[in-house]
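These values consider heavy atoms only, across backbone and side chains, with no hydrogens, waters or symmetry-generated copies. Chain naming here is simple, since letters A, B, ... match the order of the sequence lines and numbering starts at 1 in each.
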Protein chains: 2
Amino acid sequence: MPHNHDSLLNSVRSQLPKEEFLADLSDLFKLFGDNTRLRILYSLFESELCVCAIAELLGMTQSAISHQLKVLKAGNLVGNRREGKTIYYFLADDHVRTIIGQGSEHLMEETR
Amino acid sequence: MPHNHDSLLNSVRSQLPKEEFLADLSDLFKLFGDNTRLRILYSLFESELCVCAIAELLGMTQSAISHQLKVLKAGNLVGNRREGKTIYYFLADDHVRTIIGQGSEHLMEETR
DNA sequence: CTTTCATATGAATTGACGCTCATATGATTG
DNA sequence: CAATCATATGAGCGTCAATTCATATGAAAG
């Protein structure tokens, strides 16, 4: 180490969130960190959609979409409702739009 | 498919961002979707830190931290400056704080 | 110029994860 | 109740990425 920075380190250390929170937070961002899941979320921006519609829209297997929807639902990013045989998924939260929006802004400014 | 939703699908499809943008965006969120990187970013909230300080703070190898800092720098989330032998890293952008903040808020409301 | 300190880097390993394929569940229809 | 449609799920496979270990770079000090 260059100098003795123990007091600074202790100060920084005291500001670090608890490990459990960090784990939850990185798990949340992992959900956005996948191309397919991001496309699913974007698909739901405008309106709710059934599984097969998303699959067709994204040109992917119903199974693949279903697996990812399960992950997204476990992370409380989407909800669903049943209507007969079909199940409609929708964005669970306005934070989804906000988080994606902030990420987009960062990209814009990067390219600037 | 339950009904004929072609017009809806076309509408949604036209709103989907380009594939390149989606790839960049998911790559960005991937950076936040790792416990170690998130802890590094949080460490830099208060002040810039040298590599060895971060390593000590997080109880990890200098090599592991250095690898992750390289990833974070490639993603324009951190910058660095040299001062003699030591290299100080700092947050590159206020969006880092904002994005993390939005993620945190989502978690809070979830637990509510 | 040699040594030392701070950091970077490359190769290898190990674990996580996204997709596929086959099959199961669950609701409607006849 | 059998058949069909929409969705869910489990196992298996291939890929990617986070860490480790060994080593390289690069600056300062003697």
Worksheet item: Given atom CD1 of B:Ile65 and atom P of D:dA18, what is their separation to the nearest angstrom?
Response: 12 Å

Fill in: Residues in contact with DNA chain D, drawn from residues 27-39 of chain A - heavy-atom cutoff 4.0 Å
none

Worksheet item: Tell me: CD of A:Glu56 to C1' of D:dA6, nearest whole Å?
Response: 14 Å

Discussion item. Just verifying a value: how many Å separate A:Ile40 CD1 and A:Phe45 CZ, rounded to the nearest 0.5 Å?
Written reply: 13.5 Å

Item to complete: Rounded to the nearest angstrom, tell me the gap between atom CD1 in B:Ile87 and atom C1' in D:dA28.
Response: 14 Å

Worksheet item: Expressed in angstrom and rounded to an integer, what is the separation of B:Leu58 atom CG from D:dA18 atom P?
Response: 15 Å

Quick one: which protein N/O atoms are closer than 3.5 Å to N/O atoms of nucleotides 21-30 of chain C? Pair and distance per line, please.
{"residue": "C:dC21", "atom": "N4", "partner": "A:Ser63", "partner atom": "OG", "Å": "2.7"}

Item to complete: Indicate the atoms forming the closest heavy-atom contact of A:Leu107 with B:Asp24, along with that distance.
Response: CD1-CB, 3.7 Å

Practice prompt. Could you check whether the rings of B:His95 and A:His106 sit parallel, tilted or perpendicular, using 30° and 60° as the cut-offs?
Written response: perpendicular

Worksheet item: Between the side chain of B:Ser104 and the main-chain N/O of B:Ile100, is any donor-acceptor distance below 3.5 Å?
Response: yes

Item to complete: Please list, chain by chain and in numerical order, all residues satisfying side-chain hydrogen bond (donor to acceptor under 3.5 Å, both in side chains) with A:Gln62, sequence neighbours excluded.
Response: none

Item to complete: Could you tell me whether a side-chain N or O of B:Arg82 sits under 3.5 Å from a main-chain N or O of B:Gly84, the two making a donor and an acceptor?
Response: yes

Fill in: B:Ser43 side, atom OG; A:Gln15 side, atom CD - distance, nearest 0.5 Å
11.0 Å

Worksheet entry | Contact residues, residues 70-79 of chain A to DNA chain D [heavy atom, < 4.0 Å] | A:Lys70

Discussion item. Is there a path of hydrophobic side-chain contacts, each under 4.5 Å between heavy atoms, that joins B:Phe90 and B:Leu38?
Written reply: no

Worksheet item: Looking at residues at least two apart in the chain, or sitting in another chain, which of them share a side-chain hydrogen bond (donor to acceptor under 3.5 Å, both in side chains) with A:Arg81?
Response: A:Glu48, A:Glu83

Worksheet entry | Pairwise salt bridge (Lys or Arg N to Asp or Glu O under 4.0 Å) hits with a residue in residues 31-41 of chain B, at least two apart | A:Glu19-B:Arg39

